[in-house]
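Numbers here simply count residues along the sequence, with the first being 1. A quick note: this is a predicted structure, and the numbers were derived from the prediction, not measured.
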Amino acid sequence: MGILSWRRWAAIILGSLLISVGINFFLIPLMILDGGLIGIALIVNYLLHVQVGLTMLLCSIPIFALVWFHSRNMIYQSLNGLLLSSYVIDLLGPYRFHFLYYIEWTPFTRAVLGGFCIGTGIGIMLRNGASTGGTDLLAHFLSRYIPLNVGVIIFITDFLIIGTGAVLLPENTFVLSLITVAAGGVATSLCTWNVPHNHHFA
């Protein structure tokens with residue numbers, strides 16, 4: 001595997017910061033969800049007040065255990081991104097209310113900016129051969145065994161997570177979360193434009 005290049009480390013650090021900013025400063029104050037592992041961690045946070053980063057780590061264990069026996073290289077490329085992003089998410093958590101005190105935006109604006117921050121962070125990681133793992137890692141794994149595109153699997157997973165959140169959380173959560181996922185998808189697509197599909201988990 002070798003030592004991660006400085007470029008990949010820079011991408012992981014910048015990506016983790018953007019993901020953390022999007023979650024802490026835009027989504028959590030309004031109880032908005034994102035898709036994937038982040039969405040699951042946010043539901044747990046809203047209902048049980050468990051730290052988002054810690055929940056991401058715990059939820060990743062069974063996914064990594066499943067993938068470990070089939071494609072360890074996929075795990076190696078995800079582990080650093082997961083560990084650092086989880087740490088930074090919880091690190092910036094206490095500062096979210098300072099941010100809220102000085103800046104006011106509409107719920108729609110928060111949903112768009114939050115999704116764009118998270119999507120850009122994930123896209124920067126993917127473009128440099130890293131990721132946060134989670135349901136994206138699971139989708140890449142499942143696509144080898146079921147006749148569905150990775151993007152379709154991720155979309156289905158995201159919709160199920162947001163749908164679950166809509167049942168458990170306030171009624172405006174669903175629409176704002178869809179906006180967040182859409183903004184994040186656009187940002188990730190822009191960041192990974194012209195990147196070969198197999199580059200992400202080569």
Side-chain angles (χ1 to χ4, degrees), residues 4-30 32-42 52-53 56 74 77-82 84-86 88-89 92 99 103 105-143 148-162 165 174-202:
L4 287 178
S5 67
W6 69 267
R7 182 174 178 175
R8 185 175 293 178
W9 271 117
I12 292 174
I13 293 170
L14 178 58
S16 296
L17 284 170
L18 287 169
I19 292 170
S20 180
V21 166
I23 289 173
N24 284 304
F25 300 158
F26 295 102
L27 302 193
I28 289 180
L30 293 177
I32 303 174
L33 296 176
D34 190 28
L37 189 65
I38 292 173
I40 296 172
L42 286 170
V52 175
M56 286 176 61
M74 291 171 69
Q77 295 194 33
S78 302
L79 193 56
N80 293 294
L82 171 67
L84 188 59
S85 61
S86 297
V88 176
I89 288 168
L92 293 188
F99 181 84
I103 298 182
W105 280 310
T106 64
F108 174 81
T109 306
R110 285 190 184 280
V112 171
L113 291 176
F116 203 81
C117 282
I118 295 170
T120 301
I122 291 172
I124 289 172
M125 285 192 192
L126 288 174
R127 189 170 187 87
N128 290 277
S131 84
T132 59
T135 55
D136 291 357
L137 178 65
L138 183 62
H140 278 272
F141 172 74
L142 291 176
S143 67
L148 286 177
N149 178 272
V150 172
V152 174
I153 298 174
I154 292 173
F155 174 79
I156 293 172
T157 305
D158 288 350
F159 189 81
L160 288 174
I161 292 168
I162 293 175
F174 184 71
V175 174
L176 291 174
S177 298
L178 286 179
I179 293 170
T180 296
V181 171
V186 170
T188 301
S189 298
L190 290 174
C191 289
T192 56
W193 194 262
N194 292 330
V195 176
H197 173 72
N198 60 0
H199 173 76
H200 299 162
F201 291 104

State, with a plain yes or no, whether a side-chain heavy atom of V181 is found less than 4.5 Å away from one of I162.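 Yes, close enough: below the 4.5 Å cut-off.
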Heavy atoms, side chains only, cut-off 4.5 Å: are M125 and I19 in contact? yes
Do [X] and [Y] get their side chains close enough for a donor-acceptor pair, meaning under 3.5 Å?
X: S131; Y: S78; result: yes
X: T109; Y: T106; result: yes
X: R8; Y: N128; result: no

Give the intermediate values and the outcome of side chain to side chain contact (heavy atoms under 4.5 Å, CB included) for residues F116 and T180. CA-CA 7 Å; F116 203 81; T180 296; over 6 Å; no
Do side-chain atoms of [X] reach the backbone of [Y] as a donor and acceptor pair under 3.5 angstrom?
X: R110; Y: F25; answer: yes
X: S20; Y: S16; answer: no
X: S177; Y: L33; answer: yes

Atom CZ of F174 with >12 non-hydrogen neighbours under 6.0 angstrom: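 Enclosed: over 12 neighbouring heavy atoms sit under 6.0 Å from CZ of F174.
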Below 30° counts as parallel, above 60° as perpendicular, anything between as tilted: where do the rings of W105 and F26 land? parallel
Identify the residue among V88, I32, D34, I89 that makes a side-chain contact (heavy atoms from CB on, under 4.5 Å) with I23.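 Going through the options one by one, the only one that passes is I89.
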